[in-house]
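Below, chain A is the first sequence line, B the second, and so on; all start at residue 1.
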Number of protein chains: 2
Amino acid sequence: MIKVLLAEDQGMMRGALALLLGLEEDIEIVAQVGNGDEILPKALETRPDIALLDIELPGRSGLDAAADLRSGLPECRVLILTTFGRPGYLRRAMEAGACGFLVKDGPVEDLAAAIRRVLAGERVIDPGLAAAALGAGPNPLTQRERDVLAAAVDGATVADIAAKVHLSPATVRNYLSAAIGKTSTRNRMEAVRAARQNGWL
Amino acid sequence: MIKVLLAEDQGMMRGALALLLGLEEDIEIVAQVGNGDEILPKALETRPDIALLDIELPGRSGLDAAADLRSGLPECRVLILTTFGRPGYLRRAMEAGACGFLVKDGPVEDLAAAIRRVLAGERVIDPGLAAAALGAGPNPLTQRERDVLAAAVDGATVADIAAKVHLSPATVRNYLSAAIGKTSTRNRMEAVRAARQNGWL
DNA sequence: GGAGCCCTGGGACAAATGTCACGGGTCACC
DNA sequence: GGTGACCCGTGACATTTGTCCCAGGGCTCC
C-alpha cells in the first residue's frame, strides 16, 4: 500500500484528486493539506511514502517544503504537481530533491502511473518541459536583483520597493536597471514577467 | 439522468471532475472540452441539461460561452465554476444568464449538490461572494478605458497600446489617466490590477 | 596582494509616464 | 434646440522611470 500526502490549495482539486487516487487499490491518502506550512508536520505525523506537492501554496511554497522533507523525512519521495510548467520551477524542484515533476494539464491517468514509477525509483519529468529547462540557462539574476524584482510586482513605485526592501531609492533603480538589462526587456513589468516565466522569481 | 457538459482547461482537473461526477448515479458526462470555442458546437451536438463552465479558458471565455448558450440552447442551464471569486465575474455571469456560480476552493461534495439544485430551478451562488458583489459598485469604466487598460497588461508601453488599439498615443495616455483616476490608483499597473480584481476587465 | 564579484549608494540626463486644459466630433435624452 | 455622455485628438507640464557614470566596502579565489 502506497501512503500518499497531498498538498494542494484548491479545495475542489484537492478533493477530486484524493477521491481519484483513493480509487486505486494500491494507493492510500494518509494526509491532505491546503497550506505549505502544514506539509512537514503532517508528514512527520503520518510518514507517507510519497508527497504530492503543488508549488504555489499559501504559506511555505511547495519547493521549500520539498527541501524540508529532504532533510526532515528523507525516505519520503517528492512529486511536484503544478499548474505552471516554468523551466526554472523544474530546475529548482530538482535542486530541492524532487523525484518527479508533472503539470496539471496532462491526463489524470498519468498521475497514479507517475506515483508508482517514482516509488519504483524512476524520475518522472514532463518531457516537453525537460527540453525547455535545458534550453533556458541558469538564473542570471543576483540575490538583490531578485528581491527588488519580486517587490516590483503589481505596479509598486520605486519608493514602495525601496521601503519594502530597506534600500535607498537610487540603489533600487540600479538593481531594476540591471534586471531589465539581464532579462533583455524594456521596463520593470516586462522584467518581472520574464523572470517569473523562467522561474527566476 | 442529468446530462452534463464540462468545460475546463486544466486536463487533470477536467479528468478528475469528470470521473468524480461520473460516479454519481444520476449524472452523466456527455461532453468534455478544454477550449471555449468548442462549447457551443459540442452543446448543440450533445444537448446537455447543464453546462459546467470555467471562466478562464483558451479561446472564448466561459462568460461569453454562457451568453452563447443562452441564445443558442436556452434549455441548457449554466453553472460557472472558477478559480477566482471576483465580484465582477459573478455580476457578469448573472448578466450572461448563469444559474449558479461556484469557486473551486470549496469542497468537491458541493459540486454534485449544486448541479442538482440548479436543475431543480434554484440559483446557487457562493455566499461569501454574493455579499462582495453587492458591495462593489457597477463598472465605472468606459468601453475605451477598458480596451486601453486591457492592452496595458504586462508592461506594454504607451506606443504598444496605441498600436494595439489603433489610437493616438496622446489619447491612450488620456484614457489611462482617466482609468487611474476612476480606480483611485497611482499608475497603470495598479489600475489594471484593481480593474481585474473587480472584474471590470 | 590583486582580480573579480556583489552590495550599497550618489549624480546627471534622456525618455516615458501621469496630469491638466483645451479643442472638435457623434449620439442620446429631455 | 440644449445638455450631457462618450469619443478622439493636441499641447504643455511635473514627475517618474530607465540609463550611465562614479565610488567605497565586503567577500572569495588565485
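- As a whole-Å value, the separation of B:Arg146 CZ from D:dC6 P is 11 Å.
- More than 12 heavy atoms of other shown residues, nucleotides or ligands fall within 6.0 angstrom of atom CZ in B:Arg116.
- Going from atom CG of A:Leu149 over to atom P of C:dC7 covers 13 Å, rounded to whole Å.
- Sorted by residue number, the members of residues 155-168 of chain A with any non-hydrogen atom under 4.0 Å from DNA chain C read A:Leu167, A:Ser168.
- Whole-Å rounding puts the A:Tyr175 OH to C:dG9 C1' distance at 9 Å.
- Annotation: A:Arg146, atom CZ; neighbour count of heavy atoms from other residues, nucleotides and ligands within 6.0 Å is above 12.
- Listed by chain and number, the residues in a side chain to side chain donor-acceptor pair (under 3.5 Å) with A:Asp54 are A:Lys104 (sequence neighbours excluded).
- The nearest whole Å value for the distance from the CZ atom in B:Arg186 to the C1' atom in D:dT17 is 14 Å.
- Closest approach to the A:Arg188 side chain among D:dT17, C:dG18, D:dT10 is made by D:dT17 (side chain taken as heavy atoms from C-beta onward).
- With A:Leu141 as the fixed residue, the side-chain contact (heavy atoms from CB on, under 4.5 Å) test singles out one of A:Leu149, A:Val148, A:Asp147: A:Leu149.
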Between the protein and nucleotides 21-29 of chain D, which nitrogen or oxygen pairs come in under 3.5 angstrom?
none

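- When the side-chain nitrogen and oxygen atoms of B:Arg144 are compared with OP1 and OP2 of D:dC8, one or more of them lie within a distance under 4.0 Å.
- With A:Arg60 as the partner, the side-chain hydrogen bond (donor to acceptor under 3.5 Å, both in side chains) test is satisfied by one option alone out of A:Asp68, A:Asn35, A:Asp37: A:Asp68.
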Apply side-chain hydrogen bond (donor to acceptor under 3.5 Å, both in side chains) to residues B:Thr83 and A:Gln10 and explain how you reach the verdict. CA-CA 8 Å; B:Thr83 310; A:Gln10 275 195 328; 3.2 Å; yes
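- For the atom pair A:Arg77 CZ and A:Arg123 CZ, the distance stands at 10.0 Å (nearest 0.5 Å).
- The CD-C1' distance, from B:Gln143 to D:dC8, rounds to 15 Å in whole Å.
- Among the protein residues, A:Thr142 comes within range of the sugar-phosphate backbone only, with heavy atoms under 4.0 Å from sugar or phosphate atoms but none that close to a base.
- Within a 6.0 Å radius of CZ in A:Arg186, other residues, nucleotides and ligands contribute more than 12 heavy atoms.
- The residue from A:Ile50, A:Val118, A:Ile29 that alone fulfils the side-chain contact (heavy atoms from CB on, under 4.5 Å) condition with A:Ile2 is A:Ile50.
- OP1 and OP2 of C:dT8 both lie 4.0 Å or more from every side-chain N or O belonging to A:Thr171.
- The separation between A:Glu190 atom CD and D:dG18 atom C1' is 13 Å, rounded to whole Å.
- Distance B:Glu145 CD to D:dA5 C1': 12 Å, rounded to the nearest Å.
- Per the geometry, CZ belonging to B:Arg173 stands 17 Å off P belonging to D:dC8, to the nearest Å.
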